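Reading through the structure tokens given below for one structure.
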Amino acid sequence: MTTWTFEAALETFELPFSDLMYKAQGVHRENFKSNEVQISTLLSIKTGGCPENCSYCPQSAHYKTDVQRSKLMQLNEVVAAAKQAKEAGSTRFCMGAAWRGPRDSDIDQVCEMVREVKSLGLETCVTLGMLKENQAEKLQEAGLDFYNHNIDTSEEFYEKIITTRTFADRIDTLNKVRNAGIKVCCGGILGMGETNVDRIKMLLILANMDPQPESVPINKLISIPGTPLENGAMVDPLDFVRTIALARILLPKSYIRLSAGREQMSDELQSLCYLAGVNSIFYGEKLLTANNPAPANDVDLLQRLGMVKQQMA
Ligand code: SAM
Ligand code: DTB
Ligand code: SF4
């Protein structure tokens, strides 16, 4: 594994745009089929009322937003949603819960969901907040493929966004997930007022994990009324694309997922992101609580680009 320095990453980020895209495409083509996109579908299995204060999040109990709180969903409802996702062509089903961390009784219920969803022939991913060692082990035993837990931004900028937990807490859970033998899905958000230096530092932390995360979601902030980031911050679209390209170069074998915020992006910006190395998206009307592009629009864009959905291995 190459250990990347900040200087080398910055130099790459600052290449002339065309050279950066050429380099990212080269890395992409060495490691993946160039026109294939992995498709995941999200479901919020427990919504709102979260004790954490992530400044971007509509589900935090600290802010007054339009999100309606709900209890953990019933198993049969989750399975029905997973079947629909599979029929729509998704290969991975990601279940998210707005917890600081699950209770042991929650874990048992989520493990049931993982078993049932997996038995449909879908890959499984959950994101439940901080985990204890034995909880990660139980999820692994249930057959969980991926755990999503984002570092979100650079270590330096983290405390400007969240104060109810630390960056080190995040790394601690990621280590537990990895040690339990679950694949890691870890990325971040752009558009919270961070600089390009913060973006590069975030990617460096991911790149220097050994092994690197198998899946790297890059979210663009969806500014949610009622949250501290309701007015968001501007991200230069070309800097956004540069960040994706750097992710592709630094994380050559990872799936780079263009995650939240696609609904607010033009087809052209999304196309540049694919060109820069994106090879995964969330597909379906909704993310967790926010809207995602209509499936028909995604099908249309992929077709216009000559891209195809990746089939289950
Ligand atoms: N509660 C769990 C946790 O924090 O790990 C999982 C759910 S949380 C919603 C997963 C990720 O979604 C966050 O880490 C963040 O990157 C992203 N996210 C949340 N709200 C967002 C927003 N308004 N815009 C863009 N991304 C967002
Ligand atoms: C990730 O990085 N993005 C997804 C997934 N992991 C769980 C969630 C996006 C959430 C967007 C805001 C919402 O729908 O509430
Ligand atoms: Fe809770 Fe996750 Fe939202 Fe933070 S991002 S407030 S931990 S649901």
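All ligand and atom numbering here is 1-based and tracks the order in the structure. This one's a predicted model, so the numbers in the text were calculated from it and none came from an experiment.
Around atom 7 (S) of ligand 3, the closest heavy atom drawn from H62, K46, R165 belongs to R165. For atom 14 (O) of ligand 1, the nearest non-hydrogen atom from the set D152, N148, L287 belongs to D152.
Listed by atom number, the atoms of ligand 1 under 4.0 Å from A260 heavy atoms are 25 (C), 26 (N). Residue I224 approaches ligand 1 through these ligand atoms, each under 4.0 Å from one of its heavy atoms: 23 (N). Near P58, with a cut-off below 4.0 Å to any heavy atom, the atoms of ligand 2 are 15 (O). Residue N150 has at least one heavy-atom neighbour below 4.0 Å for each of these atoms of ligand 2: 1 (C), 2 (O). Atom numbering of ligand 3 starts at 1 in the shown order; those under 4.0 Å from a heavy atom of A98 are 8 (S). Counting atoms of ligand 3 from 1 in the listed order, those under 4.0 Å from a heavy atom of Y56 are 5 (S).
At a 3.5 angstrom cut-off on N or O pairs, I222 counts as close to ligand 1. Some N or O of R170 is nearer than 3.5 Å to an N or O of ligand 1, by distance alone. The shortest N/O to N/O separation between N219 and ligand 2 falls below 3.5 Å. Checking only distances, P217 never comes within under 3.5 Å of ligand 2, N or O to N or O.
Of all protein heavy atoms, the one closest to atom 3 (Fe) of ligand 3 is C57 SG, 2.3 Å. Atom 1 (N) of ligand 1 has A97 O, 3.6 Å as its closest protein atom, hydrogens excluded (heavy atom only). Remark: minimum distance from atom 21 (C) of ligand 1 to any protein heavy atom is reached at Y56 CD1, 3.8 Å. The protein non-hydrogen atom at the shortest distance from atom 15 (O) of ligand 2 is T289 OG1, 2.6 Å. With hydrogens left out, the protein atom closest to atom 1 (Fe) of ligand 3 is C50 SG, 2.3 Å, a heavy atom. Scanning the protein heavy atoms around atom 2 (C) of ligand 1, the nearest turns out to be T127 OG1, 3.6 Å. With hydrogens left out, the protein atom closest to atom 6 (N) of ligand 2 is N148 OD1, 3.3 Å, a heavy atom. If you check which protein heavy atom lies closest to atom 9 (C) of ligand 1, you get L288 CD1, 3.5 Å. A260 CB, 3.9 Å is the protein heavy atom nearest to atom 11 (C) of ligand 2. If you check which protein heavy atom lies closest to atom 27 (C) of ligand 1, you get I189 CD1, 3.8 Å. For atom 4 (C) of ligand 2, the nearest non-hydrogen atom of the protein is F282 CE1, 3.7 Å. For atom 8 (C) of ligand 2, the closest non-hydrogen atom of the protein is L288 CD1, 3.9 Å. Nearest non-hydrogen protein atom to atom 11 (C) of ligand 1 is N150 ND2, 3.6 Å.
Looking only at atom types and distance, the side chain of S105 has no donor-acceptor partner in the side chain of D108 under 3.5 Å away. Side-chain contact of T153 with D198: a donor-acceptor pair under 3.5 Å is absent, judged by distance alone. Side-chain atoms of Y283 and R262 include no donor-acceptor pair closer than 3.5 Å. Using modelled atom types, one finds no donor on one side chain facing an acceptor on the other under 3.5 Å when comparing T91 with E123.
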Checklist entry - Can you list the steps and then say if N196 with R199 is a side-chain hydrogen bond (donor to acceptor under 3.5 Å, both in side chains)? => result CA-CA 5 Å; N196 281 335; R199 294 167 189 156; 2.7 Å; yes
Next on the checklist: Before you tell me yes or no, could you show the steps for F32 and Q38 under side chain to side chain contact (heavy atoms under 4.5 Å, CB included), namely the whole-Å CA-CA distance, both residues' side-chain angles and the distance that decides it to 0.1 Å?
Outcome noted: CA-CA 11 Å; F32 291 99; Q38 188 276 327; over 6 Å; no
Checklist entry - Step by step, would you call I249 with W4 a side chain to side chain contact (heavy atoms under 4.5 Å, CB included)? => result CA-CA 11 Å; I249 295 163; W4 279 85; 4.0 Å; yes
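A salt bridge does not link K138 to E141: none of the charged nitrogens lies less than 4.0 Å from a carboxylate oxygen. Using a cutoff of 4.0 Å between basic side-chain nitrogens and carboxylate oxygens, E263 and K286 are not scored as salt-bridged. Electrostatic pairing of E155 and K201 does not count as a salt bridge here, judged by no charged N lying under 4.0 Å from a carboxylate O. A salt bridge does not link D236 with R242: every distance from a Lys NZ or Arg NE/NH1/NH2 to an Asp or Glu carboxylate oxygen is 4.0 Å or more. Between R304 and D267 a salt bridge is recorded (basic side-chain N to carboxylate O distance below 4.0 Å).
Under 4.0 Å from ligand 2, heavy atoms of A290 appear from its side chain as well as its backbone. At a heavy-atom distance under 4.0 Å, no atom of V67 approaches ligand 2. For C94, no heavy-atom contact with ligand 2 is shorter than 4.0 Å. With a 4.0 Å cut-off on non-hydrogen atoms, K220 touches ligand 1 through its backbone and not its side chain. At a heavy-atom distance under 4.0 Å, no atom of M192 approaches ligand 1.
Note that atom 4 (O) of ligand 1 has protein non-hydrogen atoms nearby, at separations under 4.0 angstrom.
For R92 and F146, the positive end sits near the middle of the six-membered ring, less than 6.0 Å away and at most 45° from its axis.
Atom 4 (Fe) of ligand 3 has an N, O or S atom of C54 inside 2.8 Å of it.
For the pair S40 and R257, the minimum side-chain heavy-atom distance is below 4.5 Å. By the 4.5 Å heavy-atom criterion applied to side chains, Y147 and L128 are counted as neighbours.
The side-chain contact (heavy atoms from CB on, under 4.5 Å) test with I281 is passed by exactly one of L301, N292, D298: D298.
Here the side chain of N219 pairs no donor or acceptor atom with the backbone of I189 at under 3.5 angstrom.
L246 and F17 fall within the same hydrophobic cluster, where Ile, Leu, Val, Met, Phe, Trp and Tyr residues are linked whenever their side-chain heavy atoms come under 4.5 Å apart, directly or through other members.
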